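Notes for the one structure printed next.
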Number of protein chains: 2
Amino acid sequence: MTGTTETVSYVSPADEAWDAFQELFMQYRPRMLEIHAEYELKPPPVALALRAIDEPTPMGKIADHLCCDGSTVTWIVDRLEERGLVERQADPRDRRVRLVALTDEGRRIRNEIRAKLSQAPPAIAALSEEDQIALRDILRRAVRVPADR
Amino acid sequence: MTGTTETVSYVSPADEAWDAFQELFMQYRPRMLEIHAEYELKPPPVALALRAIDEPTPMGKIADHLCCDGSTVTWIVDRLEERGLVERQADPRDRRVRLVALTDEGRRIRNEIRAKLSQAPPAIAALSEEDQIALRDILRRAVRVPADR
DNA sequence: TATTGTTATACTCTATAACTATA
DNA sequence: TATAGTTATAGAGTATAACAATA
C-alpha cells in the first residue's frame with residue numbers, strides 16, 4: 001500500500017495551515033483584549049460592533065454580524081450611544097429600521113482602535129519581507145473566496 | 001525626499017498581511033461559535049478552556065491563558081466538572097494547587113471539537129495546493145516566534 | 001401577516017473583596 | 001508574609017417573550 005492511498009487520517013496542507021493560523025490568533029488574543037480594554041469596550045461584542053460599523057448600519061445587520069440576539073444589539077448600541085460613539089438614525093426607506101451611525105468621536109476612536117489592531121504582532125513582523133509579502137498575497141486571495149458557510 | 005524616508009503613513013507588508021489575517025478570522029468566527037454551540041460550551045471562555053487543556057493544568061494557568069480572574073476560572077471549571085468533562089486533582093508538589101484534568105469523556109469531546117475546528121474553511125481550502133503549502137510553512141515559521149508581548 | 005426593533009424579565013457570566021489552606 | 005484557589009456578592013451581559021410601529 002502506497003502513502004497516497006492513505007485517506008483516513010490524511011491531513012491536508014490546508015488543514016495544517018489552518019491549525020497554525022488558529023494558533024497564531026490565540027497567541028494574539030491577549031493583545032486584542034488589551035486594546036479593547038484600553039477603550040473600555042467590553043464585553044468583546046461591544047468592541048466588535050464598533051469595529052464593524054462603517055456606513056450607517058441597521059440593528060439587524062449588526063445582530064447577524066455578531067451572531068447574537070436583536071435585544072442584545074439594543075443593549076450594545078445603548079452602551080455605545082451613551083458614550084457618544086454612535087447615534088441611531090431613521091432609515092428613510094423603511095421606517096421600522098434604525099440605522100446605527102458613527103459620530104465624529106466614534107469614528108475617531110474606531111480608527112484609533114483599527115490602527116492599533118492593524119499592527120502586525122511580532123510573529124508576523126519578524127518574518128522575512130519575502131514571507132510577509134507572500135503571506136499577504138495568499139491571504140488576500142483567500143479572503144476573496146465567498147464564505148458561503 | 002525619496003520614498004524610503006516616508007515613514008508616517010507607510011504600511012508594511014506585515015501589517016497588510018495581518019489585516020487580511022484578521023479579516024479571515026472574522027469570516028470564520030460564526031463557524032467557530034456554531035461548533036462551540038453544538039457542544040453547549042458557552043460563553044466562549046468555557047470552550048477555550050476545554051480546548052486548551054491537555055496535561056493536568058493549574059487553575060491559575062488557565063486564568064492566565066483566558067485573561068480572566070481566578071474566580072471566573074472557578075466558575076468555568078465548575079461548569080465543565082458538572083458535565084463530567086474535567087476533574088480537579090491535587091498537585092503532589094504544592095498542596096495549594098488544583099490541577100484541572102480532562103476525563104475520558106472530556107478528552108473525547110475536546111478531540112471532536114478540535115477535529116471540527118481543524119477543518120480549513122472554504123477560503124483556505126479553495127487555495128491552490130501550492131498556496132496552501134506556502135501558507136502553512138510561513139505560518140509555522142511565524143508561530144515559532146516568541147510572543148513576548 | 002410578517003418584520004424591525006424595544007421593553008420587561010430572568011438567568012448567566014464576571015470581577016471584587018474577604019476568606020481558607022498551604023507555602 | 002505571600003500565593004492558589006474558593007466563596008459571597010453585586011453588577012454586567014444575554015436571551016426569551018411580549019409588545020409597538022411599520023411594511
Side-chain angles (χ1 to χ4, degrees), chain A residues 29-30 32-34 36-53 55-83 85-102, chain B residues 29-30 32-34 36-53 55-83 85-102:
Chain A
R29 182 173 174 272
M32 187 177 69
L33 295 177
E34 184 180 61
H36 290 169
E38 278 176 37
Y39 295 90
E40 294 177 283
L41 292 169
K42 224 184 34 164
V46 174
L48 295 181
L50 183 66
R51 285 171 58 182
I53 296 171
E55 300 309 306
T57 307
M59 303 286 289
K61 197 174 167 190
I62 295 175
D64 291 344
H65 180 252
L66 299 179
C67 309
C68 72
D69 189 77
S71 61
T72 302
V73 175
T74 295
W75 181 86
I76 288 171
V77 171
D78 283 350
R79 296 294 81 70
L80 291 172
E81 200 167 34
E82 282 167 8
R83 291 181 51 185
L85 303 179
V86 304
E87 62 187 10
R88 286 169 164 90
Q89 296 175 347
D91 183 339
R93 288 179 246 263
D94 182 340
R95 288 159 59 202
R96 293 171 303 180
V97 171
R98 304 279 266 158
L99 297 173
V100 182
L102 292 174
Chain B
R29 181 173 173 271
M32 188 177 70
L33 295 178
E34 183 180 62
H36 289 169
E38 279 177 35
Y39 295 90
E40 295 176 284
L41 291 170
K42 224 183 32 163
V46 174
L48 294 182
L50 183 65
R51 285 171 58 183
I53 297 172
E55 298 309 308
T57 307
M59 303 285 290
K61 197 173 167 189
I62 295 174
D64 291 344
H65 181 253
L66 299 178
C67 307
C68 73
D69 188 77
S71 60
T72 303
V73 175
T74 295
W75 181 86
I76 289 170
V77 171
D78 283 349
R79 298 292 82 69
L80 291 171
E81 200 167 33
E82 283 166 8
R83 291 180 52 185
L85 302 179
V86 303
E87 61 185 11
R88 286 169 164 91
Q89 296 175 348
D91 183 339
R93 287 179 247 263
D94 183 340
R95 287 159 60 203
R96 294 171 304 181
V97 171
R98 305 279 266 157
L99 297 173
V100 182
L102 293 173

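In what follows, every chain begins at residue 1, and chains take the letters A, B, ... in the order their sequences are listed. These numbers were taken from a predicted model, which means no experiment stands behind them.
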Calculate, to the nearest 0.5 Å, the distance between atoms CZ and CD belonging to R98(A) and Q89(A) respectively.
9.5 Å

To the nearest 0.5 Å, tell me how far D64(B) CG sits from K61(B) NZ.
9.5 Å

Test side chain to side chain contact (heavy atoms under 4.5 Å, CB included) on I76(A) and L50(A); report intermediate values, then the result.
CA-CA 10 Å; I76(A) 288 171; L50(A) 183 66; over 6 Å; no

Hey, are the side chains of L48(B) and L41(B) touching, using non-hydrogen atoms and a 4.5 Å cut-off?
no

Out of the candidates V100(A), L85(A), V77(A), only one should pair with I53(A) under the side chain to side chain contact (heavy atoms under 4.5 Å, CB included) rule; please name it.
V100(A)

Please list, for nucleotides 20-23 of chain C, all pairs of protein and nucleotide N/O atoms separated by less than 3.5 Å.
{"residue": "dA23(C)", "atom": "OP1", "partner": "R95(B)", "partner atom": "N", "Å": "2.9"}

Measure [atom1]/[X] against [atom2]/[N] and give the value in whole Å, please.
{"X": "D91(A)", "N": "dT3(C)", "atom1": "CG", "atom2": "P", "result": "17 Å"}
{"X": "I62(B)", "N": "dA4(D)", "atom1": "CD1", "atom2": "P", "result": "14 Å"}
{"X": "E40(B)", "N": "dC13(C)", "atom1": "CD", "atom2": "C1'", "result": "17 Å"}
{"X": "Q89(B)", "N": "dA4(D)", "atom1": "CD", "atom2": "C1'", "result": "16 Å"}
{"X": "R88(B)", "N": "dA4(D)", "atom1": "CZ", "atom2": "C1'", "result": "12 Å"}
{"X": "H36(A)", "N": "dA12(D)", "atom1": "NE2", "atom2": "P", "result": "20 Å"}
{"X": "L41(B)", "N": "dT12(C)", "atom1": "CG", "atom2": "C1'", "result": "15 Å"}
{"X": "K61(B)", "N": "dG5(D)", "atom1": "NZ", "atom2": "C1'", "result": "17 Å"}

Measure across A90(B) and L99(B) and return the closest heavy-atom pair with its distance rounded to 0.1 Å.
O-CD1, 4.0 Å

List the atom of E81(B), the atom of E87(B), and the distance in Å for their closest heavy-atom pair.
OE2-CA, 3.5 Å

Please report how far the helix from dT1(C)-dA23(D) to dA23(C)-dT1(D) bends, comparing the axis fitted to its first five pairs with the axis fitted to its last five, to the nearest 10 degrees.
0°

Checking T57(A) side chain against E55(A) main chain: does a donor-acceptor pair fall under 3.5 Å?
yes

Apply side chain to side chain contact (heavy atoms under 4.5 Å, CB included) to the pair V46(A) and E40(A), showing each step before the final yes or no.
CA-CA 10 Å; V46(A) 174; E40(A) 294 177 283; over 6 Å; no

Considering only heavy side-chain atoms of D69(A), the closest of dA15(D), dG5(D), dT16(C) is dA15(D)

Among the nucleotides dG5(C), dG13(D), dG5(D), whichever has the atom closest to the side chain of M59(B) is dG5(D)

5'-most contact on DNA chain C (nearest-nucleotide basis), G70(A) vs C68(B), goes to G70(A)

Residues R79(B), R83(B); criterion side chain to side chain contact (heavy atoms under 4.5 Å, CB included); working and verdict:
CA-CA 7 Å; R79(B) 298 292 82 69; R83(B) 291 180 52 185; 6.0 Å; no

Which of residues 71-79 of chain A sit near DNA chain D, with a heavy atom under 4.0 Å from it?
S71(A), T72(A), W75(A)

Determine whether L66(A) and T72(A) satisfy the following criterion, side chain to side chain contact (heavy atoms under 4.5 Å, CB included), listing intermediate values before the conclusion.
CA-CA 10 Å; L66(A) 299 179; T72(A) 302; over 6 Å; no

